[in-house]
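Comments concern the structure below.
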2 protein chains.
Amino acid sequence: MYLLLEIMARKKQYQEDVVVEKAMNLFWRNGFEATSMQMLEKEMGINKFSIYSSFGNKHGLFLESLKSYKRKVNFIFEAFKNSNNGIEDIKEFFYNSVNICKEAGNQKGCLVTNTYNEFSEKEDEQIQEQMNLFMNNLKELFIDKLKSDANKEEATILKQANYLVLAKHGLAAASRVNSEKEIEDYIEMTFQNL
Amino acid sequence: MYLLLEIMARKKQYQEDVVVEKAMNLFWRNGFEATSMQMLEKEMGINKFSIYSSFGNKHGLFLESLKSYKRKVNFIFEAFKNSNNGIEDIKEFFYNSVNICKEAGNQKGCLVTNTYNEFSEKEDEQIQEQMNLFMNNLKELFIDKLKSDANKEEATILKQANYLVLAKHGLAAASRVNSEKEIEDYIEMTFQNL
DNA sequence: TAAATACCTAAACGTTTGTTTAGTTTAATG
DNA sequence: CATTAAACTAAACAAACGTTTAGGTATTTA
């Protein structure tokens, strides 16, 4: 009776983090609603039963996909934190973000921004929490960088940080429909205002 | 036999442009996919049969809703065209746009931008055509205004017009999740260097 | 008032949705 | 090698989707 937990009968034939990343790519391209379990089965290469036993339901799988996305883009944030060129780092961050948005020729935008838009009218606490976490974190990072200019007042810093978050938001949306040249012009002009 | 077309048996108990506006508001709030025929029936106050006989199908109703949206926001464009304060007019246009986006306390964004996002991955010629029409028209209007400054070079004008279209795009997305104060700061900063 | 026909109600259509369940296969343990 | 339990396959589930159809109602014209 008590030993049951220790008995391994058969190992999973897939790694959860591997199939989650595949699911994430599908959600990224199509959004939550427009991605069906049938599509997920095919893309992930495992059966519906396996999906449900590993992630509970579609919603749980989506939450795990968001985490997978964060892991995927984490290297940008690391590079961002480890550099010390002030505002220039933020611009670099913007360019890196756009490159991810246009990954592999697809115009998928940013999964977080897409999710923000798709869920903004719904009331989903778990998703909202993930979103707020992401956005607040981003804002804090911008504030830190802006503080490297000692001449700036606190109020100016907050205003500029907010400006940058919105610009990033808009950029992610624009990256789905605009050309590379248009995006580049947009970024350059955005930073002329700082 | 030949007179059948002239005989009016019973008049419609609804006006098409009236129920379309109601449908438009629902699409505006929820997007195309997330709005079901059941919801539309309830909101429009007419039966499914009536919807199908008037608009063909859900897609046809959505296209009519887009046109209804254009009629609704048209007064902003008229005010924009009839004023002669150059760049200041564009800023005014941005503020007016945001006010519509936040209509009645709801944070619905801009129907065109929302649609742009929802349909960007699909291949829907009719929708794409409507979108491009709207966006190109907007860009042309911006270009006209920017030309009122005779000192500006042609290349600068094009670059700035493009910048403004993307900013408008981002603003519409941001208006769904950001506060009025944040939006205002964002607009002011956007126009700082034009 | 009677005939004609467009409109409306309401039920049903076939798919597809997310989710569950029963039955089979696989592999680790005693 | 037999036992055991987890992981697999595949079929079925109810509910909701967009769409269609049949039958009753209402109103205009002659």
Side-chain angles (χ1 to χ4, degrees), chain A residues 1-20 22-24 26-27 29-66 115 118-119 122 124 126-127, chain B residues 1-20 22-24 26-27 29-66 115 118-119 122 124 126-127:
Chain A
M1 282 282 269
Y2 298 101
L3 293 176
L4 299 187
L5 289 173
E6 292 179 9
I7 296 172
M8 303 295 284
R10 185 178 169 184
K11 286 180 183 168
K12 282 196 175 71
Q13 294 190 319
Y14 57 92
Q15 284 179 276
E16 296 196 345
D17 57 340
V18 172
V19 294
V20 159
K22 291 180 181 174
M24 180 270 283
L26 210 52
F27 282 129
R29 217 173 306 139
N30 306 316
F32 178 74
E33 291 289 351
T35 302
S36 71
M37 293 305 297
Q38 209 169 345
M39 296 160 75
L40 286 164
E41 257 189 313
K42 199 173 179 183
E43 182 82 15
M44 296 168 81
I46 59 175
N47 195 273
K48 284 181 185 180
F49 175 89
S50 303
I51 300 178
Y52 276 88
S53 67
S54 276
F55 309 105
N57 53 25
K58 190 186 176 187
H59 191 267
L61 175 60
F62 187 70
L63 282 170
E64 286 305 314
S65 297
L66 282 179
T115 304
E118 184 170 358
F119 281 82
K122 300 172 186 169
D124 190 313
Q126 294 180 88
I127 300 286
Chain B
M1 281 283 270
Y2 298 101
L3 293 175
L4 300 188
L5 289 173
E6 292 179 9
I7 296 172
M8 304 294 283
R10 184 178 170 183
K11 286 181 181 166
K12 281 196 176 72
Q13 294 191 318
Y14 57 91
Q15 283 181 276
E16 296 195 343
D17 57 340
V18 172
V19 295
V20 159
K22 291 179 180 176
M24 180 269 283
L26 210 53
F27 281 131
R29 217 173 305 139
N30 307 316
F32 178 74
E33 291 288 352
T35 302
S36 70
M37 292 305 296
Q38 209 169 347
M39 297 160 72
L40 286 165
E41 259 189 312
K42 199 174 178 182
E43 181 83 14
M44 296 167 80
I46 59 175
N47 196 272
K48 283 181 186 179
F49 175 89
S50 302
I51 300 177
Y52 277 87
S53 67
S54 276
F55 308 106
N57 54 24
K58 189 186 176 186
H59 191 267
L61 176 60
F62 187 70
L63 282 171
E64 286 304 314
S65 296
L66 282 178
T115 304
E118 183 171 358
F119 281 81
K122 301 171 185 171
D124 189 313
Q126 294 181 85
I127 300 286

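Sequence lines set the chain letters: A, B, ... in the order given, protein chains first and strands last, and positions in each chain run from 1.
Here C/dT17 is the nucleotide among C/dT17, D/dA7, D/dC17 with the atom lying nearest to any side-chain atom of A/Q38.
In this structure B/E41 satisfies the salt bridge (charged side-chain N to carboxylate O under 4.0 Å, His left out) test with no other residue, sequence neighbours excluded. Residues meeting the salt bridge (charged side-chain N to carboxylate O under 4.0 Å, His left out) test with B/E118, sequence neighbours left out: none. Applying the side chain to side chain contact (heavy atoms under 4.5 Å, CB included) test to B/Q13 and every residue at least two apart in sequence or in another chain returns B/R10.
Straight-line distance from the NZ atom of A/K12 to the P atom of C/dA28: 14 Å, rounded to whole Å. The nearest whole Å value for the distance from the CD atom in A/E33 to the C1' atom in C/dT17 is 10 Å. Distance, B/M37 CE to C/dT15 C1': 16 Å, rounded to whole Å.
Among pairs with a residue in residues 43-63 of chain B, those fulfilling side chain to side chain donor-acceptor pair (under 3.5 Å) read B/Y14-B/S54, B/E16-B/S54, B/H59-B/D124, at least two apart in sequence or across chains. Note on residues 30-39 of chain A: pairs passing salt bridge (Lys or Arg N to Asp or Glu O under 4.0 Å), not counting sequence neighbours, are A/E33-A/K122.
Contacts between residues 39-64 of chain A and DNA chain D, defined by a heavy-atom separation under 4.0 Å, are made by A/N47, A/F49, A/S50.
Checked against the 6.0 Å centroid criterion, the rings of A/F32 and A/F119 qualify as a close aromatic pair.
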